[in-house]
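Input: a single structure, listed below in structure tokens.
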Amino acid sequence: DAGITQSPRHKVTETGTPVTLRCHQTENHRYMYWYRQDPGHGLRLIHYSYGVKDTDKGEVSDGYSVSRSKTEDFLLTLESATSSQTSVYFCASRGDTQYFGPGTRLTVL
Amino acid sequence: RKEVEQDPGPFNVPEGATVAFNCTYSNSASQSFFWYRQDCRKEPKLLMSVYSSGNEDGRFTAQLNRASQYISLLIRDSKLSDSATYLCVVNKDSNYQLIWGAGTKLIIKP
């Protein structure tokens with residue numbers, strides 16, 4: 001399995017506060033991804049990165065921004081969290097296919 | 001229509017039985033297909049890739065039908081540990097984006 005970690009693993013925050021989730025990989029993979037997973041939906045792509053400082057939007061990017069200053073780190077920021085952003089967030093990096101971190105459970109009250 | 005569709009289940013199957021489920025996809029240009037497994041409250045993990053000629057890995061067999069745009073997963077001699085949600089995954093295009101089905105839940109009963 002790819003060495004991918006996410007932090008924090010759990011977070012509870014209030015509406016309107018900024019939140020940053022961190023993904024760290026040790027595989028030197030070029031591509032990294034942020035997804036959210038909600039009941040009844042498949043994983044939905046928020047943003048992805050194809051290299052340092054190179055990022056692009058996925059299908060559900062509104063309300064989220066990302067940054068990739070180093071190959072190993074990919075940050076997801078919710079500028080002003082809303083209750084609709086309560087979800088499980090998974091980070092992945094791509095080797096022969098996509099490998100996932102353990103997820104972050106975010107609750108926005 | 002969803003780009004990747006799966007029967008959500010749950011499929012309740014006795015231990016030792018054979019179970020199969022399908023997944024349909026809408027993009028005829030898709031070239032890469034996968035089955036992932038996801039345990040409750042865990043991350044998805046690659047179960048197997050799906051090749052045009054079909055492929056087998058132990059008790060698991062995956063097949064691709066391009067004409068009808070579906071892939072299938074067959075599990076023989078099911079074990080209690082096979083209980084999980086199985087995610088069908090199809091590549092979107094050449095930039096390595098994947099489209100995920102919502103998953104089929106499988107429950108193996110003793």
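Proteins get letters first, then strands, A, B, ... in listed order; numbering begins at 1 in each.
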Could you tell me which portion of [X] (side chain, backbone, both or neither) has an atom closer than 4.5 angstrom to a non-hydrogen atom of chain B?
X      : value
A/Y35  : side chain
A/E59  : neither
A/L43  : both
A/R105 : side chain

Given that the side chain runs from C-beta out, which part of [X] has a heavy atom under 4.5 Å from chain A: side chain, backbone, both or neither?
X     : value
B/L98 : both
B/Q38 : side chain
B/P8  : neither

Counting only heavy atoms not in [X], do more than 12 fall under 6.0 Å of its [atom1]?
X     : atom1 : answer
B/Y51 : OH    : no
B/Q63 : CD    : no
A/E14 : CD    : no

> Any side-chain heavy atom of A/F100 within less than 4.5 Å of one from B/K45?
Replying inline: no
Membership question, hydrophobic clusters at under 4.5 Å side-chain separation (ILVMFWY): are [Y] and [X] in the same one?
X     : Y      : answer
A/L75 : A/L21  : no
A/F90 : A/F74  : no
A/L78 : A/L109 : no
A/Y31 : B/V89  : yes
A/I46 : A/L106 : yes

>> For the CG atom of A/L45 and the NZ atom of B/K92, what is their distance to the nearest 0.5 Å?
In response: 8.0 Å
>> Shorter than 4.5 Å, heavy atoms on both sides: which option in B/S32, B/G101, B/G103, B/P44 has the most such pairs with chain A?
In response: B/P44
> Does the gap between the ring centers of A/Y33 and B/W100 come in under 6.0 Å?
Replying inline: no
Compare every heavy atom of [Y] with every heavy atom of [X], then report the nearest pair and how far apart it is.
X      : Y      : result
A/Y48  : B/Q97  : CE2-NE2, 3.3 Å
A/G40  : B/A102 : O-CB, 3.9 Å
A/P102 : B/E43  : CA-OE1, 3.7 Å

>> With side-chain contact (heavy atoms from CB on, under 4.5 Å) as the criterion, how do B/Y36 and A/Q98 come out once you've worked through the C-alpha distance, each side chain's angles and the decisive distance to 0.1 Å?
In response: CA-CA 10 Å; B/Y36 276 70; A/Q98 291 184 19; 3.8 Å; yes
